[in-house]
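The block underneath contains the structure these notes are about, expressed in structure tokens.
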Amino acid sequence: MSADLHIDGLRLLAKIEQLGAIGALPGGGVSRLAFTKEDGLGRAQVREWMTELGLAVRMDALGNVIGRRAGEADHLPAVMTGSHIDTVATGGKYDGNLGVLAGLEVIETLNDRGITTLRPLEVGFFSNEEGSRFAPDMMGALVYMGDMSLADACASVDNDGVSVGEALASIDQVGDAQIPGPTPHAFVELHIEQGPILDKERLDIGAVTAVQGISWQRFTFYGVSNHAGTCPMSMRHDAGYVAAEVTRKVRQMTRHSPDSVGTVGVINMHPNLVNVVPNRVEMTVDLRHVDEAELVEAEAVLLAFVAATCEAEGVTFRTDRLARFQPHTFSPAVTGLIAEHAAELGLSHRLMSSGAGHDAQIIGRKCPAGMIFVPSVDGISHNIKEHTEPHHLIAGADVLLRTMVSLANQPAGGTQAGDL
Ligand code: HGY
Ligand code: MN
Ligand code: MN
């Protein structure tokens with residue numbers, strides 16, 4: 001790999017700022033929830049950049065968008081990169097966006113240098129990776145890979161009862177590209193770490209070996225509303241009290257183990273009035289663990305606690321599954337290639353696993369895949385203060401460039417991504 005093969009850092013940084021301005025929040029940060037008007041504007045901007053780069057752009061019925069650069073042996077499966085451009089409601093401008101824009105920068109660098117590759121290259125953004133508005137997360141990648149039906153995805157509804165199908169149509173993002181999409185030869189995703197490790201250890205690059213398991217549930221508790229002043233405590237069936245106990249339990253279950261995390265992100269009280277005992281509460285529980293058996297055990301412990309607490313309070317409940325992903329291990333060959341190119345570039349790096357879910361773990365079910373992490377300052381993400389230093393953004397894109405070129409020049413039948 002020629003020593004001077006580098007991306008144009010300033011050009012990448014400018015694109016990140018430009019895309020970050022779409023859905024920008026007044027106090028900083030970005031809000032482009034899936035299939036909102038802002039998401040639609042971000043999509044249009046990235047598609048415009050794809051077209052300017054001469055990519056053949058396709059979009060499927062869930063709005064997954066892939067730009068393709070022909071290879072010398074264009075019949076061979078492509079090497080793909082990509083991520084997502086939808087954000088949480090209080091997001092930053094790097095989560096997901098970096099991976100997509102760095103992919104476009106790789107293409108532009110190769111175009112500038114007149115470099116061709118044996119295999120075609122593809123850069124994509126997958127719909128609704130966050131899952132914050134419509135569960136599950138990684139929805140676009142699931143449909144693209146055939147692991148979720150289009151119908152099931154389109155039937156997912158948000159808190160206002162709007163379905164994915166309606167929201168997609170409202171921003172005119174229904175395409176006709178084939179579903180499932182073609183399985184890539186290999187997939188590499190550049191992403192911010194969103195955790196504290198690289199920043200604390202003052203390292204430049206993470207070569208990601210695995211992603212932990214994810215369990216999202218929504219619990220609905222049904223109690224009896226009553227007067228806050230007249231109803232004796234012994235007579236209460238307080239759905240709000242049960243939700244509080246469950247919230248405490250989630251912290252108790254996870255705080256002593258470095259391998260597990262638990263989050264109660266949503267609690268909706270009804271009727272949500274100061275002087276009425278709540279008769280209904282919806283709450284979400286996000287449990288994650290690096291080990292599948294431990295995650296199953298945690299789900300069982302939680303369910304038993306919920307049932308016992310409801311029983312004691314005279315409250316009933318239901319639980320709905322919002323998302324469930326087993327831990328995923330990336331291709332050691334692709335991970336090794338990432339580490340090799342980081343070393344070649346003189347970048348400090350380490351192997352590490354991911355706390356966050358990513359599109360790569362879904363694509364990686366059917367082809368060799370890997371991820372490149374760059375540091376998140378103070379480990380903050382899903383927060384408008386999310387920040388990654390410019391030199392790290394550029395370093396990550398350089399590693400992506402070289403990793404993609406290496407994979408794209410693997411001959412058919414010869415050394416393959418999975419067995420480098
Ligand atoms: O929840 C996650 O891990 C990802 O941000 N969708
Ligand atoms: Mn992300
Ligand atoms: Mn995210």
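In each ligand, atom 1 is the first atom listed, and ligand 1 is the first ligand listed.
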Practice item. Can you pull out the closest protein heavy atom to atom 5 (O) of ligand 1? Residue, atom name and distance to 0.1 Å, please. Key: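 For atom 5 (O) of ligand 1, the nearest protein heavy atom comes out as Glu130 OE1, 3.0 Å.
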Review point. In the protein, what heavy atom is nearest to atom 1 (O) of ligand 1, and what distance, to one decimal place, separates them?
Key: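 Looking at atom 1 (O) of ligand 1, the protein heavy atom closest to it is Arg288 NH2, 2.8 Å.
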Practice item. May I ask you to say whether Asp378 pairs ionically with Lys385, meaning some side-chain N is under 4.0 Å from a carboxylate O? Key: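 Judged by the 4.0 Å cut-off on N to carboxylate O distance, Asp378 and Lys385 do not form a salt bridge.
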Point to revise | the Mn ion (ligand 2) to Asp95: nearest N/O/S atom name | key: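 The atom in question is OD1.
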Practice item. Find, among atoms of His191 that are N, O or S, the one nearest to the Mn ion (ligand 2), and state its name. Key: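 Going by distance to the Mn ion (ligand 2), the closest N, O or S atom in His191 is NE2.
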Ligand 1 N/O within reach of [X] N/O, cut-off under 3.5 Å:
X      : value
Trp216 : no
Gly357 : yes
Asp137 : yes

Check your understanding: At a 4.0 Å cut-off, with the gap strictly under it, does some heavy atom of His358 reach an atom of ligand 1?
Key ->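 Judged by the 4.0 Å heavy-atom criterion, His358 does not count as contacting ligand 1.
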Side chains of [Y] and [X]: any donor to acceptor distance under 3.5 Å?
X      : Y      : answer
Gln212 : His289 : no
His270 : Asn279 : no
His84  : Glu129 : yes

**Study point:** Side-chain donor or acceptor of Ser127 paired with backbone N/O of Gly63 under 3.5 Å
**Key:**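 Present.
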Check your understanding: How far does CD1 of Ile205 sit from NE2 of His341, to the nearest 0.5 angstrom?
Key ->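 The distance works out to 12.5 Å.
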Review point. Out of curiosity, Asp199 CG to Glu389 CD, how far, rounded to the nearest 0.5 Å?
Key: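 One gets 8.5 Å once the value is rounded to the nearest 0.5 Å.
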Practice item. Mark up the atoms of ligand 1 that fall under 4.0 Å of a heavy atom belonging to Ala356, in ascending order. Key: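 Reading through ligand 1 atom by atom, the close ones are 3 (O).
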Check your understanding: What is the name of the N/O/S atom in His382 that sits closest to the Mn ion (ligand 3)?
Key ->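 Looking at His382, the N, O or S atom with the least distance to the Mn ion (ligand 3) is NE2.
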**Study point:** Close side-chain approach of Leu25 to Val30, heavy-atom, < 4.5 Å
**Key:**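 Of all side-chain heavy-atom pairs linking Val30 with Leu25, none is under 4.5 Å.
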Practice item. Of the side chain and backbone of His382, name the one, both, or neither that has a heavy atom under 4.0 Å from an atom of ligand 1. Key: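 The answer is the side chain of His382.
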